Amino acid sequence: MTSPTDSSALAAMKRRRFLSAVGGVAGLAALSQVPAAGTALAAPRPRGGAYPFTLGVASGDPTPDGVVLWTRLAPDPFAPHGGMPGRPVPVDWQVASDEGMRRLVRSGTAQALPDLAYSVHVEISGLEPGRHYYYRFRYRGDLSEVGRTVTTPEHDNVANSLNFAFASCQDWSHGFYSAYRHMAEEDLDLVVHLGDYVYEYGLPADGGNRHTPLPEVLQEGPQNLDRWRMQYALYKSDPDLQRTHARFPWLVTWDDHEYQNDYAGAYDDTITAARAAAYQAWYEHQPVRRRSLPRPDGSLRLYGRSQWGRLAQFDVLDTRQYRDAPPCGWGEAAACPAAYDPKVTVLGTTQEKWLLDGLRESDARWNVLANSVMMARLDHDGPSGDILWHDAWDGFPAARKRITDTFVSGRVRNPVIVTGDWHSTFVNDIKRDFDDPGSPVVATEFVGTSITTNGDDEVYGPYYGPMIKYNPHITFFDGDRRGYVRCSVDKKEWRTDLRMVSSVSRADAPVSTFASFIVEDGRPGARRL
């Protein structure tokens, strides 16, 4: 029998071994940015000769002169190495000014490494600002589909408009990605994904609401890097998700289910081997820059800033990796004085300083916080009690107030928070101090529903619905429709359209605009149209 002491020592040894491997991966990943010798035409054949671009293509994090291009070679996603030969291989990439890929403006060859699941992250530069480009990859004789991307306007350009959508919470087994089918048809510049891209659970043998038989290996939840890679491969095999990635550049963050439900990243001062594996798999499957390469301790830098000329600044937040344990208890619990300790943080001291400094220095017309958990208060029981949900910003009121105070003291223009996580839709007035009923409204928050999570069931309407009367700053609530949020921004106003599908039990379910809202320049708070 193994003693508890022996078990702890064994776990620590396994963690050291894994993190040592992660450190090696970080070094190898840097090499993947070095142009490969030769071309992909002479690369080794995938096992069985199958098509290697089964997971599609993507772009992300656009700038005025460039963008990140992504793909992953996986001819057999549930086989060792995804069906690749187990050694580095070259992958050709091309960028063109036309969809037919005749007018090439950039091209090269990157290395796809087995240590990074044969993912490729190419950082393109030298492009012209504010225009569309097209791209593709080649491996041996196989070409990927052609993706479309865009560069942002130059910073000194107050762009005329910006159209983007945001989404979150896409449990594969809860239904089809009919929302993405319709999002791909929108006239968008950008997609913002706010987390729960995958879920950490095992999948039903029959595919749940999709009624699609799945390999036995997927029925247990991910516990190691290989299994996490399979989870992402399953999700990214969806054709509607692939098409939306190929149509628009994405800005991405994560929430909890990319590792574990409701976890707080910094409370034990360590990153376990299991969490490091989840983090690495996330990096391998997202169109992010080399700043997000896994570090030797298993962490990665996710948060970042993106600007759409001077029209909009996006601050993409990581609300999981650095947050403290909620001082008043996990989940649904009573408020308590400990949450007002100024040392308690959601973002960590470094990220919080970066955010607040960036808000004070911003010259953007609209300042957008891409945020994973709801910032507004949700009082559960009104005057009769003090119950809140502590996995959101309600569990960290002092940290929230440091942000709302900065909106005021920094004279931040038009702060708007876009939020995921809740599988429901909220439109919220953000108060400077939620403990003071007379406190002014200083920002607007739009909380989007899920792409699929909770399926077509009615779960949160009956649960949250009775609470809304205790929260007059919540100006709109809908509990159980599925979809995404479309935002159209110009110099005078911000328009939000709630795009809801009729069902997630059908891949071809229709979409409609359920409600629309306007935020006027200089006037925080949304008005329903």
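Numbering starts at 1 and runs along the sequence shown. No experiment lies behind these values; they were computed from the predicted model shown.
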Determine whether the aromatic ring centres of [X] and [Y] lie less than 6.0 Å apart.
X: His245; Y: Tyr180; answer: no
X: Phe446; Y: Phe166; answer: no
X: His121; Y: Tyr283; answer: yes
X: Tyr279; Y: Trp254; answer: yes

Ionic contact status for [Y] with [X], cut-off 4.0 Å:
X: Arg323; Y: Asp391; value: yes
X: Glu200; Y: Arg227; value: no
X: Arg140; Y: Asp142; value: no
X: Arg229; Y: Asp226; value: yes

Within a strict 4.5 Å, meaning less than it, do heavy atoms of the [X] and [Y] side chains meet?
X: Arg320; Y: Glu258; result: no
X: Ile124; Y: Trp93; result: yes
X: Tyr135; Y: Val122; result: no
X: Tyr177; Y: Arg210; result: yes
X: Val459; Y: Ser424; result: no
X: Asn163; Y: Glu186; result: no
X: Val373; Y: Trp393; result: yes
X: Gln351; Y: Leu317; result: yes

If we ignore hydrogens and angles and just use 3.5 Å, is the side chain of [X] paired with the main-chain N or O of [Y] as donor and acceptor?
X: Arg106; Y: Val95; value: no
X: Asn209; Y: His174; value: yes
X: Glu284; Y: Tyr118; value: no
X: Glu123; Y: Arg290; value: yes
X: Arg72; Y: Ala117; value: yes
X: Thr452; Y: Asp171; value: yes
X: His182; Y: Ala509; value: yes
X: Glu99; Y: Tyr134; value: no
X: His257; Y: Asp255; value: no
X: Asp189; Y: Phe164; value: no

Step by step, work out the side chain to side chain donor-acceptor pair (under 3.5 Å) result for Ser168 and Asp196. CA-CA 6 Å; Ser168 66; Asp196 294 347; over 6 Å; no
Residues [X] and [Y]: side-chain donor-acceptor under 3.5 angstrom:
X: Asn371; Y: Thr419; result: yes
X: His193; Y: Gln170; result: yes
X: Ser173; Y: Tyr201; result: no

Yes or no on side chain to side chain donor-acceptor pair (under 3.5 Å) for Thr350 and Tyr322, after CA distance, side-chain angles and deciding distance? CA-CA 9 Å; Thr350 301; Tyr322 314 107; over 6 Å; no
Let me have the donor-acceptor pairs involving side chains of residues 55-63, under 3.5 Å, with sequence neighbours excluded, atom names and distances please.
{"residue": "Ser59", "atom": "OG", "partner": "Thr149", "partner atom": "OG1", "Å": "2.9"}
{"residue": "Asp61", "atom": "OD2", "partner": "Arg289", "partner atom": "NE", "Å": "2.8"}
{"residue": "Asp61", "atom": "OD2", "partner": "Arg291", "partner atom": "NH2", "Å": "3.4"}
{"residue": "Thr63", "atom": "OG1", "partner": "Asp65", "partner atom": "N", "Å": "3.4"}
{"residue": "Thr63", "atom": "OG1", "partner": "Asp65", "partner atom": "OD1", "Å": "3.2"}
{"residue": "Thr63", "atom": "OG1", "partner": "Gly66", "partner atom": "N", "Å": "3.0"}
{"residue": "Thr63", "atom": "OG1", "partner": "Gly66", "partner atom": "O", "Å": "3.3"}

Pick out which of Asp497, Asp187, Thr496 makes a side chain to side chain donor-acceptor pair (under 3.5 Å) with Arg486. Asp497
From CA spacing to verdict: side chain to side chain donor-acceptor pair (under 3.5 Å), Thr449, Arg482: CA-CA 6 Å; Thr449 187; Arg482 306 283 153 250; 3.0 Å; yes
